[in-house]
Amino acid sequence: MRERVARRLDATGRYPRAVLLVALTGLFATTFPVTVLTLAIPTIAEDFAVSEASLAWVITLPVLASALALPVLGKLGDLYGHRRVFVIGFGVAVVATCLTATASTPALLIAWRTLSQVAGASTMPSSLALINSVHHGKQRASAMGWWSMISAGAPVIGLTVGAPVIDAVGWPTLFLLQSGLMVVPVAASWLVLRETPRRLARFDLPGAVALAAGVGPLLLAVDQAPEWGLTSVAVLGCLVAAVAGLLVFAAIERQATAPLVPMTLLRSRESTSSLATGFFTGGAYMGGFFLASLLVVAQFDYSLTSAVPILSIRPALFALMSPVGGRVAGRAGTRAAAIAGSLTLAAGMVALAIGSATGSLVVVVVGGFVLQGMGFGLLRPAITTALADAVDERDLGMAGAAERLTGQVGVAFGITILATIYDGDVDRFAPAFAVGAAFALAGTVAAWGMRRHVRPGPITDEPSSAAAGTAQVVRPVSPAEAGRDAAPPTDTATTQPAHGPAPPTETAEAALAGDDAGRRGGVR
């Protein structure tokens, strides 16, 4: 059956569109329930007869664990095939999500939820790599627009549909509903997706351990700083451990024959500019969203429930503008789209500062939320496209993972800094939003290093420094060959350097916003 489907899709030229649809279906299934889960914490705590604070790790641990897993999962896809990682990860996620509905204790709920999120995280870099491997130039930018739209819109739909479900039949049904939806992309991916070329190189386990030792404490410190205090022993200790871990990671990667993170990814101006733009704009956008939810409640006297329609304006516009952002990136170039989006985002943060200072809800909503949603929708497809264009086709999984991880660190950083400036004082909303505007402007500056135009085709394999080591790479096969056999090609292998050439929730934004807003709704 797979052979017939492959031949039919090749004959009609619809294979790239089929890959995109499968990936978008999977993205929706893994991200739609996260925001509503945050709102369900009081109900879950009541069912288990525990405090809400004791269930904070239902939100925090899956986010931290999935962030740490991203580089490993992205690299596994680059080495052993993204179709394999996508299908296996999704299959494990379906089982773990179903088991989450059966959790009888908070510990089991946290454990199953974390396993589900980590397994689901495998779909992020692999699905991005699968999409980017069959889309190039303007088509790649357009595909990333649709990707951003689903990542922003899925949590909004989940909130709209999931809240009534929880109220009517309880929170376990939410996970049963999610696991049922996840079966569709698993079946579609097995039937439609064609394996990507494999690289016969040993997985960089020491590098993976060192990266986790560096990034883990960093994420924990940034995430918990508002609770523990910026100068607390715990935060400072985490930062020291993070620096030490990252230094060890850099030393290991310089000597590795097949490094976990290709050093060329960090040496390329195009890739570092894309990552920096994602870091700063993600911090501005999500920091602004987290603080705006507190603004609507604390300054304008809305309840959390009544504030949902207002707060949904921004992610809804983000979703609607993302396909437009993809088209702009394809026609005007990734640099122009990212700069325009960053400046619009900065203008939205300024409007939030003015609205909070003057007590004008109209300025907050019309100026702040609208401009922020439009700006982020413009720039996100450009960032993802620029980073994919900057790396070798063999490193698309690692590039996608790096973008997601950097974005998550930026989100945590932005929320922490803006929440610390606010510190529970309504009069300090305005300066906190002003700092968010500065983040967006920093993203604008970083965007100048991105490519002016989208790359029309894939980067060819070219030799680089001998320090990168060598690894065997399986050549891509033609559509006709792949149509006859969807298994990984094994006809001919050539030896190439195992690195990219020289020269980025999603996690979903509303989901992360809901996570942090729910956990820190009592920020001092």
Could you tell me whether the side chain of [Y] reaches within less than 4.5 Å of the side chain of [X], counting heavy atoms only?
X	Y	answer
Thr344	Phe376	no
Thr444	Phe280	no
Arg194	Val134	no
Phe203	Val72	yes
Thr31	Met124	yes
Leu130	Leu20	no
Leu246	Val215	yes

Closest non-hydrogen atom pair between [X] and [Y], with its separation:
X	Y	result
Thr416	Thr420	O-OG1, 2.7 Å
Ala242	Gly214	CB-O, 3.2 Å
Pro125	Leu70	CD-CD2, 3.8 Å
Val261	Phe249	CG2-CZ, 3.7 Å
Leu405	Ala67	CD1-O, 3.5 Å
Gly397	Ala129	N-CB, 3.7 Å

Legend entry - Phe429: ring-ring contact (aromatic ring centres under 6.0 Å, His included) partners, not counting sequence neighbours: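 By the ring-ring contact (aromatic ring centres under 6.0 Å, His included) rule, Phe429 matches Tyr422.
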
Inset, instruction - Could you pull out all residues at least two apart from Phe86 that satisfy ring-ring contact (aromatic ring centres under 6.0 Å, His included)? - result: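 Phe86 satisfies ring-ring contact (aromatic ring centres under 6.0 Å, His included) with Phe90 once adjacent residues are dropped.
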
Inset, instruction - Can you tell me which residue pairs pass the ring pair (Phe, Tyr, Trp, His ring centres under 6.0 Å) test with a partner in residues 381-420, sequence neighbours excluded? - result: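 For residues 381-420, and leaving out neighbouring residues, the ring pair (Phe, Tyr, Trp, His ring centres under 6.0 Å) pairs sorted by first residue read Phe279-Phe413, Phe413-Phe439.
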
Do side-chain atoms of [X] reach the backbone of [Y] as a donor and acceptor pair under 3.5 angstrom?
X	Y	value
Asp78	Met398	yes
Ser293	Phe290	yes
Glu270	Ala386	no
Ser66	Ala121	no
Arg83	Trp190	yes

Which value, rounded to the nearest 0.5 Å, describes the distance between [X] atom [atom1] and [Y] atom [atom2]?
X	Y	atom1	atom2	result
Leu193	Leu191	CG	CG	9.0 Å
Arg17	Gln139	CZ	CD	11.5 Å
Thr25	Met182	OG1	CE	12.5 Å
Leu219	Leu68	CG	CG	6.0 Å
Ser322	Met374	OG	CE	12.0 Å
Ile150	Leu27	CD1	CG	7.0 Å

Legend entry - Ser148 vs Phe318, side chain to side chain contact (heavy atoms under 4.5 Å, CB included): CA-CA, chis, key distance, verdict: CA-CA 8 Å; Ser148 297; Phe318 171 21; 4.2 Å; yes

Taking only residues two or more places apart in sequence, or in another chain, which ones meet [X] in a side chain to side chain contact (heavy atoms under 4.5 Å, CB included)?
X	result
Ala329	Ala141, Thr334, Ala337, Ala382
Ala447	Thr277, Ala338, Ile339, Met450
Ala336	Ala332
Leu220	Trp57, Leu64, Gln224, Trp228, Cys238

Inset, instruction - Answer yes or no: does atom CE of Met149 have more than 12 heavy-atom neighbours from other residues, nucleotides or ligands under 6.0 Å? - result: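 Yes - once you tally the heavy atoms of other residues, nucleotides and ligands closer than 6.0 Å, there are more than 12.
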
Inset, instruction - Take Ile131 and Met144 through the side chain to side chain contact (heavy atoms under 4.5 Å, CB included) test and state the conclusion after the steps. - result: CA-CA 9 Å; Ile131 293 172; Met144 291 302 98; 3.6 Å; yes

Inset, instruction - Could you walk me through whether Ile383 and Thr281 pass side chain to side chain contact (heavy atoms under 4.5 Å, CB included), step by step? - result: CA-CA 10 Å; Ile383 293 173; Thr281 57; 4.0 Å; yes

Please report, to 0.1 Å, the donor-acceptor pairs under 3.5 Å made by any side chain of residues 345-358, with sequence neighbours excluded.
{"from": "Ser356", "atom 1": "OG", "to": "Leu352", "atom 2": "O", "distance (Å)": "3.0"}
{"from": "Ser356", "atom 1": "OG", "to": "Ala353", "atom 2": "O", "distance (Å)": "2.9"}
{"from": "Thr358", "atom 1": "OG1", "to": "Ile354", "atom 2": "O", "distance (Å)": "2.8"}

Inset, instruction - Step by step, work out the side chain to side chain contact (heavy atoms under 4.5 Å, CB included) result for Leu128 and Leu396. - result: CA-CA 8 Å; Leu128 281 171; Leu396 285 172; over 6 Å; no

Inset, instruction - For Ser126, check side chain to side chain donor-acceptor pair (under 3.5 Å) against everything at least two apart and list the hits. - result: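 In terms of side chain to side chain donor-acceptor pair (under 3.5 Å), with neighbours along the sequence ignored, Ser126 is linked to His82.
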
Legend entry - Sidechain N-carboxylate O distance under 4.0 Å for Lys75, Asp204: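 No.
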
Which donor-acceptor pairs under 3.5 Å do side chains of residues 360-373 form with protein atoms, sequence neighbours excluded?
{"from": "Ser360", "atom 1": "OG", "to": "Val363", "atom 2": "N", "distance (Å)": "3.2"}
{"from": "Gln372", "atom 1": "OE1", "to": "Arg314", "atom 2": "NH1", "distance (Å)": "2.7"}

